[in-house]
Amino acid sequence: MDDRIRRNMPLFSMSIVGELTGLSARQIRYYEEHHLVTPERSKGNRRLFSFNDVERLLEIKALLDKGVNLAGIQHVLGMKQQEELTSASVSDTQSPETEYRKPDLSDDELRKLLKQGLFDAGKHGKTSIIQGELSRFFH
DNA sequence: GTTCTTACA
DNA sequence: TGTAAGTA
């Protein structure tokens, strides 16, 4: 169960993460500014990334390739975070009668939607979902 | 030598 | 986003 701890353990340097994700240091720092990732800091103020951070960055990269902008990515990641918290607080303390709700849309579902052609709207309309209005699908 | 911040293109 | 400058 301390697997969660291990995944959030600050281990990787900027250069390593860049190598692992294929993202430039500039990009990674930029995403941090926008709260897409929140790596720890060493005493020397050096960034220390965890496995979770790396995975997160890989997702960001994937979404970026699909044409999703920062606003859209923030929505996706924000939702995923809530999902993690929800499942984490429930998994261990689960009584047969306990009721709880998961997020309306899973990131998998969202990914499927994005894959299908939500972004095609952008090629036709002016401001596609990808240009920031992803929140419309979370009502 | 690597990473950080700030700032300009 | 890339890159330069000045640090830590």
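Treat the numbers as computed from the prediction; the structure is a model and nothing was measured. Chain identifiers are assigned alphabetically (A, B, ...) following the order of the sequence lines, protein sequences preceding nucleic acid strands; residue numbering begins at 1 within each chain.
Counting only Watson-Crick or G-U wobble pairs whose defining distances are both under 3.5 Å, the stems of 3 or more consecutive pairs in DNA chain B are B:4-9 with C:1-6.
Taking OG1 of A/Thr21 as the reference point, atom CD of A/Glu59 lies at 13.0 Å (rounded to 0.5 Å). We find the OG-CE distance between A/Ser24 and A/Met14 to be 7.5 Å, quoted to the nearest 0.5 Å.
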* To do: Starting from the C-alpha separation in whole Å, work towards a yes-or-no answer on side chain to side chain contact (heavy atoms under 4.5 Å, CB included) for A/Arg56 and A/Leu36.
  => CA-CA 8 Å; A/Arg56 208 179 177 70; A/Leu36 271 52; 5.5 Å; no

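Counting only heavy atoms from C-beta outward, the side chains of A/Ile16 and A/Phe49 never approach each other to under 4.5 Å. You'll find the side chain of A/Leu64 reaches within 4.5 Å of the side chain of A/Tyr31, heavy atoms only. For the pair A/Leu57 and A/Leu23, the minimum side-chain heavy-atom distance is below 4.5 Å. Looking at heavy atoms from C-beta onward, A/Leu70 lies out of side-chain contact with A/Ile60 at the 4.5 angstrom threshold. Contact annotation: the side chain of A/Pro39 never approaches that of A/Leu48 to less than 4.5 Å [non-hydrogen atoms, C-beta and beyond]. Side-chain atoms of A/Arg47 and A/Arg29, non-hydrogen and from C-beta on, do get closer than 4.5 Å to each other.
Along DNA chain C, read 5' to 3', the first and last nucleotides having any atom under 4.0 Å from a heavy atom of chain A are C/dT1 to C/dA8.
Contacts of A/Arg7 classified as salt bridge (Lys or Arg N to Asp or Glu O under 4.0 Å), with partners at least two apart in sequence or in another chain: A/Asp3. Partners of A/Phe12 under the ring-ring contact (aromatic ring centres under 6.0 Å, His included) rule, at least two apart in sequence or in another chain, are A/Phe51.
At a threshold of 4.0 Å, the pair A/Arg41-A/Glu32 counts as salt-bridged, since one of the basic side-chain nitrogens sits closer than that to a carboxylate oxygen.
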Are any protein N/O atoms closer than 3.5 Å to N/O atoms in nucleotides 5-9 of chain B? If there are, list each pair with its distance.
from, atom 1, to, atom 2, distance (Å)
B/dT5, OP1, A/Arg41, NH1, 3.2
B/dT5, OP1, A/Arg41, NH2, 3.2
B/dT5, OP2, A/Arg47, NH2, 2.3

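Scanning residues 10-22 of chain A for heavy-atom distances under 4.0 Å to DNA chain C yields an empty list.
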